[in-house]
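The figures that follow rest on heavy atoms only: side chains count, while hydrogens, waters and symmetry mates do not. The first residue in the sequence is number 1, and the count goes up from there. Because the structure is predicted, anything quoted here is derived from the model rather than measured.
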Amino acid sequence: MLPPRRLPDRLLQYRCTNQEHGDHEWFTTREAVQSPSEVQEGVTDELLEPLNRCVDAGDPFVEYGIVEHRLRTRFPDLFAAHVADQGHSMFGSRAYTASSVRFGVALGRLERMGELVSEYGPATGAWRYNGQVTYWARATPSDRSRKTWAEHCAEIGRPSEWTDDDRLGLRTP
């Protein structure tokens, strides 16, 4: 997705050029858009400690999907509550999801606090539509190694795309 373009009359034009689903554009007002940086951090307070525990010591940089999968398996009620409140891309495209404005914001806060480090890398599997995503670690690995979501899925014997089992037990707003 390209950055929004400001138009007259306080309009924003968004243009997505993702090859997975084809080019498209849409318009909205500036007032209707709450950017992730404007999300109240208080909403993510309860996610800080759990997400911090989802990036393991000794990990290489792990793709965002691994961190989120760990959050879901280690803290299922917390994960489900945020998905029920904010939605998730596994249920279809949304402007903002729990991944972007809750989990991602909390991870960014942990990085600013010096708890985690991140870098961008290729998005794989179910996250491929993003093109690139963040990879997370406690400290920068000396060899800068990475583990992708697709590699993680192969290791644990699950598909790297969303499944009905992924959606099971979750609800969306």
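Among Tyr96, Tyr64, Phe75, Phe79, the single residue meeting the ring pair (Phe, Tyr, Trp, His ring centres under 6.0 Å) criterion with Phe103 is Phe79. If you run side chain to side chain contact (heavy atoms under 4.5 Å, CB included) between Val67 and each of Leu116, Asp59, Val62, only Val62 comes through.
In terms of heavy-atom proximity, Asp166 sits nearest to Glu161 at OD2-O, 3.8 Å. Here the closest heavy-atom approach between residue Cys153 and residue Ser160 is recorded as SG-CA, 3.6 Å. Taking both residues in full, the closest heavy atoms of Gln86 and Pro173 are given as C-CG, 3.8 Å, listed atom of the first, atom of the second, then distance. Closest non-hydrogen pair, Thr44 versus Ala106, comes out as CB-CB, 4.0 Å. Scanning both residues, Trp136 and Gly108, for their nearest heavy atoms gives CH2-N, 4.0 Å. Residue Glu63 comes nearest to Thr124 through the heavy atom pair OE1-OG1, 2.7 Å, listed as atom of the first residue, atom of the second, then distance.
The side-chain heavy atoms of Arg70 and Leu51, taken from C-beta on, include no pair separated by under 4.5 Å. Between Leu107 and Ser118, every side-chain heavy-atom pair lies at or beyond the 4.5 Å cut-off. Between Met90 and Leu170, the closest side-chain pair of non-hydrogen atoms falls below 4.5 Å. Side-chain atoms of His152 and Arg158, non-hydrogen and from C-beta on, never get closer than 4.5 Å to each other. Glu68 places a side-chain heavy atom less than 4.5 Å from the side chain of Ser99. No side-chain heavy atom of Val83 sits under 4.5 Å from any side-chain heavy atom of Arg102. Inter-residue side-chain proximity for Arg167 and His88 is flagged as unmet; no heavy-atom pair is nearer than 4.5 Å. At least one side-chain heavy atom of Thr140 sits less than 4.5 Å from a side-chain heavy atom of Phe61.
Using a cut-off of 4.0 Å between Lys/Arg side-chain N and Asp/Glu carboxylate O, Asp56 and Arg74 are scored as salt-bridged. Under the 4.0 Å criterion applied to side-chain N and carboxylate O atoms, Glu119 and Arg146 are assigned as salt-bridge partners. The pair Glu155-Lys147 meets the salt-bridge criterion, since a charged nitrogen lies less than 4.0 angstrom from a carboxylate oxygen.
Both Trp149 and Tyr129 are members of a single hydrophobic cluster when ILVMFWY side chains are connected at heavy-atom separations under 4.5 Å.
Tyr135 places a side-chain N or O within donor-acceptor distance of the main-chain N or O of Pro122, the cut-off being under 3.5 Å. Using a distance-only test at 3.5 Å, with no hydrogens or angles considered, a donor-acceptor pair links the side chain of Asp143 to the main chain of Ser145.
We find the CH2-OG1 distance between Trp127 and Thr148 to be 13.5 Å, quoted to the nearest 0.5 Å. Atom-to-atom distance recorded for Cys54:SG and Ile66:CD1 is 11.5 Å, nearest 0.5 angstrom.
Within 6.0 Å of atom CZ in Arg171, 12 or fewer heavy atoms from other residues, nucleotides or ligands are found, so the atom counts as exposed in its surroundings. Heavy-atom neighbours of Asp164 CG from other residues, nucleotides or ligands within 6.0 Å: at or below the threshold of 12.
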- request: Determine, step by step, whether Glu115 and Leu48 satisfy the side chain to side chain contact (heavy atoms under 4.5 Å, CB included) criterion, reporting the C-alpha distance in whole Å, the side-chain angles of both residues, the deciding distance to 0.1 Å, and the verdict.
  value: CA-CA 10 Å; Glu115 296 289 323; Leu48 294 176; over 6 Å; no

message: Between Asp45 and Arg109, is the salt bridge (charged side-chain N to carboxylate O under 4.0 Å, His left out) condition met? List the steps.
response: CA-CA 9 Å; Asp45 286 348; Arg109 288 179 66 192; 2.7 Å; yes

